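Notes to accompany the following structure.
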Protein chains: 2
Amino acid sequence: MPTLSKDRLHGTLDALVLKTLSWGPRHGYAIARWLEEKTGDAIQVEEGSLYPALYRMEKRGWIEAAWGMSEIGRKAKIYRLTGAGRKQLRLETAEWTHFASAVSRVLKPDASP
Amino acid sequence: MPTLSKDRLHGTLDALVLKTLSWGPRHGYAIARWLEEKTGDAIQVEEGSLYPALYRMEKRGWIEAAWGMSEIGRKAKIYRLTGAGRKQLRLETAEWTHFASAVSRVLKPDASP
DNA sequence: GGTAATACTTAGAGAGTCAATGTATCGCTG
DNA sequence: CAGCGATACATTGACTCTCTAAGTATTACC
């Protein structure tokens, strides 16, 4: 089967999660499901990638966690964006855009040396 | 301008190198310099990343190496793309495009949930 | 001799992947 | 209703891979 986003999440996951949280608090599981749904599975978030990412971003003060309830009444750890997180999101978005456009320019089918 | 792209090359370097070689054989040092120049330093290729990447791609049969001369008459290892490399380049380009458009869609400033 | 071009190496850490584990709750089926 | 599998949600550990940083080595040219 066609391998999807193998290793490409590297260096991008943080921005994706921060952006997801910029629309309001969510628990981890919901973040993953939402990203997958939103991108038609072009982005697949393993739980073993997501939770460690959430921890380190919490440690860095970009997000905050509190135990609460999921939409269907289950115990869940709800994350929300902090001010620092919002700033970080802007930074990483800018970096991504800059980087991605450079890559696209190089990879463009008819680009000439 | 956005600073150093930390780990974003992850999963992208191979495609960039393959694409560079698709315009003709080059030695490693030239590949790095060319990518940097072409992208206005948006993509910076450390030699510690590049040479291992060249080895593994050679081992996988995507590129071939031969000792030769650089343009200015210095000993240099010249790499060139193989058929398998060309195929791999197409594959990775398609994957990158797919992935990058998904990320951009999520990160887009006014995207709504 | 010093500087640039070119290649290579090693040490290290960061971040993902895979896969197992742990609870709770829901919903079925017998 | 008792039992059981499936789903929601979180955690963790062992592993791997690639990148970064920072060095060494060689040759050519001024």
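Predicted model, so just to flag it, every value in this text is computed and none were measured. Here is how names work: the chains are called A, B, and so on, in the same order as the sequence lines, proteins then strands, and each is numbered from 1.
- Atom P of nucleotide C:dC26 and atom CD1 of A:I72 are separated by 8 Å, given to the nearest angstrom.
- Proximity of B:K77 to the phosphate of C:dC8: a side-chain N or O atom is located under 4.0 Å from OP1 or OP2.
- Between A:I78 atom CD1 and D:dC9 atom C1' the separation is 11 Å, expressed in whole Å.
- Annotation for B:G11 and A:R8: closest pair O-NE, 3.3 Å, computed over non-hydrogen atoms.
- When every heavy atom of A:A15 is checked against every heavy atom of B:L107, the shortest pair comes out as O-CD1, 3.9 Å.
- Here the side chain of B:S70 pairs no donor or acceptor atom with the backbone of B:A76 at under 3.5 angstrom.
- Contacts of residues 60-70 of chain B with DNA chain C (heavy atom under 4.0 Å): B:W67, B:S70.
- Using cut-offs of 30° and 60° on the angle between ring planes, the pair B:F99 and B:W96 is tilted.
- Counting to the nearest Å, the C1' atom of D:dC9 and the CZ atom of A:R26 are 16 Å from each other.
- With rounding to whole Å, B:E71 atom CD is found 11 Å from C:dA5 atom P.
- Contacts between residues 45-57 of chain A and DNA chain C, defined by a heavy-atom separation under 4.0 Å, are made by A:E46, A:G48, A:S49, A:R56.
- Atom CD of B:Q44 and atom C1' of D:dT18 are 18 Å apart (whole Å).
- In this view, A:R74 satisfies the salt bridge (charged side-chain N to carboxylate O under 4.0 Å, His left out) rule with no residue, not counting sequence neighbours.
- Note that the NZ atom of A:K77 and the NE2 atom of A:H27 stand 13.5 Å from one another [nearest 0.5 Å].
- Of the candidate nucleotides D:dC9, C:dT6, C:dG14, C:dG14 has the atom lying nearest to any side-chain atom of B:H10.
- At whole-Å resolution of the value, CZ in B:R74 and P in C:dT3 are 15 Å apart.
- Between the side chain of B:S104 and the backbone N or O of B:S101 there is no donor-acceptor pair closer than 3.5 Å.
- Listed for the A:S49 side chain is no donor-acceptor partner under 3.5 Å among the backbone atoms of A:V45.
- For B:H27, a side-chain nitrogen or oxygen approaches OP1 or OP2 of C:dT6 to under 4.0 Å.
- Each of A:L13 and A:G73 was assigned the nucleotide of DNA chain C with the nearest heavy atom; the assignment lying further toward the 5' end belongs to A:L13.
- Between the side chain of B:T20 and the backbone N or O of B:I31 there is no donor-acceptor pair closer than 3.5 Å.
- In this structure, A:K59 places its NZ atom 14 Å from C1' of C:dA15, rounding to the nearest Å.
- Rounded to an integer number of Å, the gap from CG of A:L16 to C1' of C:dA15 is 14 Å.
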